[in-house]
Amino acid sequence: WQNLHPSQTVTLGCDNLTDVNFRNDPLKCISGYKYNNCTGAPLEGWEIKVYNATTKVLKGTSITNATGYWQVCSLVPGQYLVNETVQADWKASIPSQTVTLGCDNLTDVNFQNDPLKCISGHKYNACTGAPLSGWEITVYNATTKLQIGNATTNATGCWKICNLIPGIYLVNETVKSGWQNLHPSQTVELECDNKNGVDFRNNPLKCISGYKYSNCTGAPLSGWEIKVFNATTKVLNGTATTNDTGYWQICGLLPGQYLVNETVKSGWQNLHPSQTVTLGCENKTGVNFRNDPLKCISGIKINSCNGLPLSGWKITVYNATTKSECGNATTNATGYWQVCGLLPGQYLVNETVRSGWQNLHPSQTVTLGCENKTGVNFQNSPLLCISGQELNSCTQEELEGWKIEVFNKSTRQKAGESTSNATGNWQVCGLVPGDYLVNQTIKPGWHNANSSQAVTLVCENKTTMNFNNDPQMCLSGYKLNS
């Protein structure tokens, strides 16, 4: 007990003195338990202090026992502050409590503390498995989104953030330029033990590059568009244009398979329009494109007899190896023709010969290089006729059924023959300009006045090549004795 006024001074007069009273307060106790808020286990060895709520004077101290129990006694009724001394690596749920102590002991003034734990992990290069140092990891409260702490990965890629109470957290990494994170944010539930193994893996963003060349000359080609697509999804990942050296580069790519395409310009043919590229942990270089310029073969179609151009003639170009047709053209009013869209290589150039003409070189083999091929000319001779009549030189009557033969004057090869008709006319055609011999076959009973004639065909038909024949006659009479 505690007396409120242990001694009183009184004055006793002529009468009895009453009401000299004494009042005492019972001395009571405040007590409670100390628990691990995470596990519910008792916490031993924790200091609890009780202060007068008004004067802040310390009234007593207690240390929790093995059951977590504490008790501070010899307290008079009144208001008190009950505090715990928080130990390192713990957080008090209610570090100070204001209590009112009445005429009975006050129990169950309990304290619960959360252990402060750590979340840790590693930062790796997902491509090589190597640790990544110098990366920032930040922990946020999952509900409030308030930042709780951050750390930087060390040389082994390890990071750790401590002083965290059990709960749910968001763990984020700050992604560096040139990298892509596989899981930028992770939700972590921190319980009563440290949480390890919250690892982050990042892929380096790499580049695919190469050059664009003229396959014909080896010169670089600038201003060509190159595109990179994901080989699986076919999504476009980047575009580049070749520079003055033909160089192109597309970056920001994860390791994986890609399709690299070029946009082919008019007048060119690509040798490999699309390339499949596997991008690993290093940049991929040497993805080159070579294109052949598409060139033209051209020439003129000429009448070899008079040198005049021939229009409307068909010229066809074939691959010299495969004999596949590569293109055709028709000569214009000037005799000009042109077939384009041809790769460098060997070609056969043919003309379609018209009736009544003979080609001097029906097919030409042409090697097309890195420039257009001009001057692939065709000359054709018109096929002409030699004609005339078979006549009876005596009567000038037409002779039917006489055979006329035309021979090349130099080679003596027969070029053609004809038989005179009812009007004595004959004609041998399909003859190129040149020198010919025209012969007739003499029938019995006739004598030719001109059995063979030399004829020069130039650019026109030769007419009036007539043959005159004399009939062989008889002289008859009688021999008389005069």
Side-chain angles (χ1 to χ4, degrees), residues 28-53 56-75 78-102 104-122 137-154 158-173 185-200:
K28 296 297 181 181
C29 300
I30 299 174
S31 63
Y33 288 88
K34 177 74 176 171
Y35 296 111
N36 182 328
N37 190 48
C38 190
T39 64
L43 295 175
E44 181 182 6
W46 285 66
E47 183 182 57
I48 308 296
K49 292 181 178 181
V50 176
Y51 296 86
N52 183 290
K56 305 300 188 290
V57 172
L58 178 64
K59 293 298 182 178
T61 300
S62 178
I63 303 297
T64 60
N65 64 17
T67 67
Y69 182 74
W70 66 272
Q71 183 183 59
V72 174
C73 293
S74 300
L75 302 173
Q79 277 199 324
Y80 294 90
L81 292 177
V82 184
N83 292 355
E84 66 172 344
T85 302
V86 181
Q87 295 185 9
D89 297 327
W90 291 84
K91 183 176 180 180
S93 301
I94 34 174
S96 180
Q97 299 183 55
T98 299
V99 298
T100 300
L101 181 61
D104 293 307
N105 292 328
L106 184 61
T107 60
D108 292 326
V109 182
N110 301 327
F111 287 87
Q112 293 182 329
N113 286 64
D114 284 310
L116 297 178
K117 296 298 180 180
C118 300
I119 300 176
S120 65
H122 287 82
I137 309 295
T138 306
V139 173
Y140 298 88
N141 182 292
T143 303
T144 66
K145 304 300 188 293
L146 291 176
Q147 180 178 325
I148 306 300
N150 62 60
T152 301
T153 59
N154 64 16
C158 181
W159 64 271
K160 179 161 58 172
I161 296 173
C162 294
N163 296 321
L164 304 174
I165 63 173
I168 298 180
Y169 295 90
L170 294 177
V171 185
N172 291 358
E173 65 172 347
S185 181
Q186 299 185 54
T187 300
V188 175
E189 184 174 0
L190 183 60
E191 296 178 327
C192 299
D193 291 307
N194 293 327
K195 182 70 174 181
N196 303 317
V198 182
D199 299 332
F200 287 87

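Values reported hereafter were calculated over all heavy atoms of this structure, with side chains retained and with hydrogens, waters and symmetry mates removed. Here the structure is a predicted model, which is why all the values come from computation and not from measurement.
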Atom pair [atom1]/[atom2] of [X] and [Y] - distance to nearest 0.5 Å:
X	Y	atom1	atom2	answer
Thr107	Tyr69	OG1	OH	8.0 Å
Ser185	Phe200	OG	CZ	7.0 Å
Thr187	Tyr140	OG1	OH	13.5 Å
His122	Asn196	NE2	CG	9.5 Å
Tyr33	Asn110	OH	CG	8.0 Å

Side chain to side chain, [X] and [Y], heavy atoms closer than 4.5 Å:
X	Y	answer
Tyr35	Asn37	no
Val86	Phe111	no
Pro115	Asn36	yes
Leu170	Val139	no
Val72	Thr61	no
Asp104	Leu106	no

Applying ring-ring contact (aromatic ring centres under 6.0 Å, His included), name anything that partners Tyr80, two or more places apart in sequence or on another chain.
none
With [X], which residues qualify under side-chain hydrogen bond (donor to acceptor under 3.5 Å, both in side chains), at least two apart?
X	answer
Gln112	none
Thr67	Asn65
Thr64	none
Asn52	Thr55

Quick one: side chain to side chain contact (heavy atoms under 4.5 Å, CB included) partners of Lys195, sequence neighbours excluded?
Ile119, Val188, Leu190, Val198
Side chain to side chain contact (heavy atoms under 4.5 Å, CB included) against Ala53, all qualifying residues, sequence neighbours excluded:
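Side chain to side chain contact (heavy atoms under 4.5 Å, CB included) list for Ala53, sorted by chain: Gln79, Leu81.
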Test your reading of the model: is there a side-chain donor-acceptor pair from Ser31 to the backbone of Gln71, 3.5 Å cut-off?
no
Quick one: does any side-chain atom of Asn105 pair with a main-chain N or O of Cys29 as donor and acceptor, under 3.5 Å?
yes
Does Trp70 form a side chain to side chain contact (heavy atoms under 4.5 Å, CB included) with Ile30? I'd like the steps, not just the answer.
CA-CA 9 Å; Trp70 66 272; Ile30 299 174; 3.7 Å; yes
Is there any salt bridge (charged side-chain N to carboxylate O under 4.0 Å, His left out) pair reaching into residues 111-120, and which pairs are they, with sequence neighbours excluded?
none
If the condition is disulfide (SG to SG under 2.5 Å), which residues does Cys192 pass it with, not counting sequence neighbours?
Cys38
Any side-chain hydrogen bond (donor to acceptor under 3.5 Å, both in side chains) pairs touching residues 88-97, not counting sequence neighbours?
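The answer is Asn83-Ser96.
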For residues 146-154, which side-chain N or O atoms pair as donor and acceptor with protein atoms under 3.5 Å away, sequence neighbours left out?
from   : atom 1 : to     : atom 2 : distance (Å)
Thr153 : OG1    : Leu132 : O      : 2.8
Thr153 : OG1    : Gly134 : N      : 3.0
Thr153 : OG1    : Trp135 : N      : 2.9
Asn154 : OD1    : Thr156 : N      : 2.9
Asn154 : OD1    : Thr156 : OG1    : 2.7
Asn154 : OD1    : Gly157 : N      : 3.2
Asn154 : OD1    : Cys158 : N      : 2.9

Do any side-chain atoms of residues 41-50 form donor-acceptor pairs under 3.5 angstrom with protein atoms, and if so which ones, sequence neighbours left out?
from  : atom 1 : to    : atom 2 : distance (Å)
Glu47 : OE1    : Thr85 : OG1    : 2.8

